Each structure stands twice: as C-alpha cells, then as structure tokens.
Amino acid sequence: MKVLSVSSEVFPLIKTGGLADVAGALPIALKSFGIETKTLMPGYPGVMKLLQNPAVRLEFSDLLGQPARVLEAEHQGLDILVLDAPAYYDRPGGPYLDTNGKDHPDNWRRFAALSLAGSEIAAGLLPGWRPDLVHAHDWQSAMVPVYMRYYPTPELPSILTIHNIAFQGQFGADIFPHLRLPPHAFATESIEYYGTVGFLKGGLQTATAITTVSPSYADEILTPEFGMGLEGVIASRRDALYGIVNGIDADIWNPATDPVVHTHYGPTTLKNRLENRRSIEEFFHLDHDDAPIFCVISRLTWQKGMDLVASTADRIVALGGKLVVLGSGEAALEGALLAAAHRNPGRIGVSIGYNEPMSHLMQAGCDAIIIPSRFEPCGLTQLYGLRYGCVPIVARTGGLNDTVIDANHAALAAKVATGIQFAPVNEESMLQALRRAMHLYADQKVWTQLQKQGMKSDVSWEKSAERYVALYSSLVSKGMT
Ligand SMILES: Nc1ncnc2c1ncn2[C@@H]1O[C@H](COP(=O)(O)OP(=O)(O)O[C@H]2O[C@H](CO)[C@@H](O)[C@H](O)[C@H]2O)[C@@H](O)[C@H]1O
C-alpha cells in the first residue's frame, strides 16, 4: 500500500514538538508492514540545507499565487517530498512564528499551499506514483481532505490525525476567495466556522476518518471541556473517529545506545544512571547529593500546566526534591521559573531554549519527570521517561492516562505500577503526587521496581503501527467496493 503523509514538521528534519516525532517515526514503523510512505513537508531553510541530492519531481507555476516545486530525497530512512516554495517558506523565524514570536501573517496561505500540493499529489500528479491513501496531521495539513473533496481527485480515502485540537487554523472569512475553492465550500458541512474559515474544522468534516493520538483523548474531545468548540463537529463524525496511542522510536530513544547519554544502561544496570545524574547536576549547577531530581521537558504553556510548576517550585524544594526545567514558551512562565531558580541556588536549575540532546540526557539522569498537563492528546515525554527509567508523574488526562499505571497499593503489590498519576490538575494534588514520589523514592527497592516496570512497558510503535495498518486497510478496501 502507498501512503502520502503530509506534515508541517518531521523529525529529524525540523521539530518544534511531538508532531515531528510522530510524523518522522510512523512511516518507518509502517515499513515492516509493507506500507510505502512518502512524506510531504514545507521546504523551510533548515530542511532545504539537509536535503541530499534532491530530485525535482513536480513544478507548479502558480500554487495559490506563487511558483513552487516538489523535490524528493531520502533522509534517514524517510522518503521525503519537500515543497520548495521560497515565497512561503524561505524566511527567518520558525515554521509558524517570525523572529518576534508572532505568527507569520500569511500562515493560512503557507499551509493551504502545502495542503493543495498534497491534494494534487493525491490526484496522481507525481509522475509514476499515486498513493492509495492520504494521511494529514493537524490544522496545517487539514486542508488536504478539503481540497480532495472539491478538486477532481479520484476517490481516495483520507485520514486526519488530531495531535492537538487547541490549534485550529482559524482565519477571517476574507481569505476564502484566495483559497481557490468553489463558493459552496464556505458552508457549515465544510470549512465555514461561525462565519470564519476553519482549516481543522474543514478537515474534520471532509476526511474519511479522524484519529486522535490516544483513546482517552478521542473520548475527551467529544466534551465541551476538551473539544475547544469542535465537540459538536466531532460528535457528528463519531463513527469515523479512532484513538490510536503514539509510540516512540525505540532506536533513537534507547538508553543502552543513545549517543548523547554519557553512561549507557538497561533495566539490570540502573546504577549506571548515577553518572548521567552527575552530568545533569553539573549542567544545572545543582548540589551533588542524594535528593531526587524531578525534571520538566516541555513547552512552557498553560496547556502543559507549567504555571503549577512555577508556583510550587519552592515547595518542591521544601519537600526535599531538586528540580530541573528545560523548555521555552510564554515569557511570564520563563521569567517565573528563572526567578525560582534564582531563589533556590543548588536546588533548582532552569534552561530556557530547545535542546534535543539535553532532553535525552535529562531522561537518562533525572529520577522522575513531572507532566502536569491540563489536557494531553498523547504526550511523548512520559513514554521517553518510561523507556529511560525516569519515572513519570502525570496528570490523569488523555494519553497520560492511557500510558502510565499509577503506583497505588494494588498496582505496587501486583508489580505493574509504572509511574504516578494525579487529578485534578492543581497545586495541591500535584504536590501530593510529589510527596508520594518522595515516599517511594525513600525505599530504593520499591523505586527500582517502578523504574524497571516502566522500562518493560511496550512504548514502541509496533502495536500502534498495526492499528494504523488495520485502519488504512479497511479504508482502502471500502474505497474499492
Ligand atoms: N525545550 C525542549 N528541548 C528539547 N526537546 C523538547 C523541549 N520541549 C519539548 N521537547 C520535546 O518535544 C516533544 C514534545 O512532545 P509532546 O508529545 O510532549 O507535546 P506536543 O504538545 O509538542 O505534541 C502534540 O503532539 C504530540 C504527538 O502526537 C502529542 O503526543 C501531544 O500530546 C500533543 O500535545 C518531545 O519530544 C519533547 O522531548
């Protein structure tokens, strides 16, 4: 089976968050099931630099007003189609934000163009290759199924995966005439959304199937609390909604071989983590002692509950813990966390910025990772934590709920616990979870058991890839009947 995946970020070419990890790892996992994936992504400057011997596969003289080309290249096992459109992507800043941290003003056109190119490839425009199915991700490529509906594409099934419903790609109605869609596309059963244009909304209405990145999140987004205004649309597509939990790339995230981890280890050599712990203490200027190190690796946002980490930081220290934070995001949260580090020298370390190697080392050297998300479609850092023996302490929501088994008495007795869950998401309940962690940590036998159990969890893509294959196959065979 041939699949076209369309994503605005793909690891290892460009990553701002978990979407990149999934868009980069799923095609590799699907290979062993005989699925051949080509991944279409924007040609940001950093991506263009990494391409080796790209071949020009397609040219557009006018893709929503600008010329563009599709280049094809192999990159670390991925078959990449890059949309080379300098007017849209060759500029300073990141994939979505300019150098001042503001949205690029033409984001609607940049990602509509990506989607339109995707639908053209779906229609068979790439010489010698036509997919059997298209898999789009988040609002940035949610317009692929919309264009597929209105452009004369041969009947082809499409899947839209929601990684985060908080980002919906909603724009003023004035952009509609520039999208090159027929007038009747501006309708409730398509992209019209309370008088505006909704990219994600349009994708949800037009994709053959919708997936979320965990079963719990699929249930949650049917409610007003988590649906962020789209719960009604999703409820109307309930029969086409599936929750498939993310996996992780178990080769890239392997404490026994990870090149950035100073001292490798496995479940039977957990003592080796100590040296990695010392490296973390040095990097973050922490005291060398036996107090547990709690870490946070995250976008610093309200979604991720980072205000709670900032407001309880002194109390985490008072409990006897040390805290290290790696992240970037809202300026107020960055400032509050830096101030907490300043107040607690030797006990709290904060590094503002994005640092992929350090994120690996932290999982390999810290004792526990705190993930107090208010909502979490899947979450990957708890999966990395499980794999690295960095015990996840998580809010009981979405994918966190689906992947971490709370260390309650029964689970500990049955030796199945892998972490700690808490609810509701507030200061008191999070601190109570940290107290429980301190208590378990004090008995190293119990703690080691928790780490080992986590390391045994199956967090690889295998099972989830199998579920995607089953869904792909059922959609493709339905399309043929
Ligand atoms: N400062 C930093 N330096 C280095 N690495 C950093 C970092 N900050 C974050 N990261 C990394 O970025 C990724 C974040 O992934 P998450 O799944 O936690 O959240 P995100 O909200 O981006 O993804 C959305 O999509 C994913 C994928 O489906 C869902 O799991 C998730 O719930 C959803 O919100 C992880 O690989 C993490 O290690």
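Along the sequence shown, residues carry numbers from 1. Note that the coordinates shown come from a computational prediction; the quantities given were computed from them, not determined experimentally. Counting convention: from 1, in listed order, for ligands and their atoms alike.
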### Task
For atom 13 (C) of ligand 1, grab the closest protein heavy atom and report residue, atom and distance to one decimal in Å.
Gly18 N, 3.7 Å
## Note on the structure
protein heavy-atom neighbour closest to atom 17 (O) of ligand 1 works out as Leu380 N, 3.1 Å
### Query
Gly399: heavy atom below 4.0 Å from ligand 1, yes or no?
no
### Task
Report yes if some heavy atom in the side chain of Ser8 is under 4.5 Å from a heavy atom in the side chain of Tyr96; otherwise report no.
yes
### Contact check: Ile297 vs ligand 1, nitrogen or oxygen atoms, below 3.5 angstrom
no
### Tyr388 side chain to Asp258 side chain, donor-acceptor N/O pair below 3.5 angstrom
yes
### Task
State the atoms of ligand 1, each with its element, that fall below the 4.0 Å cut-off from a heavy-atom position in Asp21.
35 (C), 36 (O)
#### Entry: salt_bridge(Glu330, Arg299) N-O dist < 4.0 Å
no
## Note on the structure
For atom 3 (N) of ligand 1, the closest protein heavy atom turns out to be Asn355 N, 3.0 Å
### Task
Using only heavy-atom distances, determine whether the side chains of Asp314 and Asn344 contain a donor-acceptor pair under 3.5 Å.
yes
#### Entry: Pair Glu281-Arg278, salt bridge (charged side-chain N to carboxylate O under 4.0 Å, His left out): steps then yes or no
CA-CA 5 Å; Glu281 287 170 345; Arg278 292 288 174 246; 2.7 Å; yes
### Message
As a check for students: among Ser298, Gly398, Ser328, identify the option with a heavy atom nearest to atom 8 (N) of ligand 1.
### Response
Ser298
### Query
Of all the non-hydrogen atoms in the protein, which one sits nearest to atom 2 (C) of ligand 1, and at what distance?
Tyr354 CD1, 3.5 Å
### Query
Looking at Leu81, Leu133, Leu156, which hits side chain to side chain contact (heavy atoms under 4.5 Å, CB included) with Leu4?
Leu81
### Message
Can you tell me if Glu356 has over 12 outside heavy atoms packed within less than 6.0 Å of its CD?
### Response
yes
### Task
Please write down residue, atom name and distance for the protein heavy atom closest to atom 21 (O) of ligand 1.
Arg299 NH2, 2.5 Å
### Message
If the contact criterion is a heavy-atom separation under 4.0 Å, does Tyr384 count as touching ligand 1?
### Response
yes
### Query
Which residue holds the protein heavy atom closest to atom 29 (C) of ligand 1, what is that atom called, and what is the gap in Å?
Gly379 N, 3.6 Å
### Query
More than 12 heavy atoms of other residues, nucleotides or ligands under 6.0 Å from NE2 of His342: is that the case?
no
### Task
Select one of side chain, backbone, both or neither to describe which atoms of Met358 lie under 4.0 Å from any atom of ligand 1, heavy atoms only.
neither
### Task
Among all protein heavy atoms, pick out the one at the shortest distance from atom 25 (O) of ligand 1; state its residue, atom name and that distance to 0.1 Å.
His163 CB, 3.6 Å
### Query
Between the side chains of Thr263 and Asn272, is a donor N or O closer than 3.5 angstrom to an acceptor N or O?
no
### Summary
Filtering Met362, Lys304, Gln363, His360 for the heavy atom nearest atom 20 (P) of ligand 1 leaves Lys304
### Query
Where is the nearest protein heavy atom to atom 37 (C) of ligand 1: which residue, which atom, and how far?
Thr381 CG2, 3.5 Å
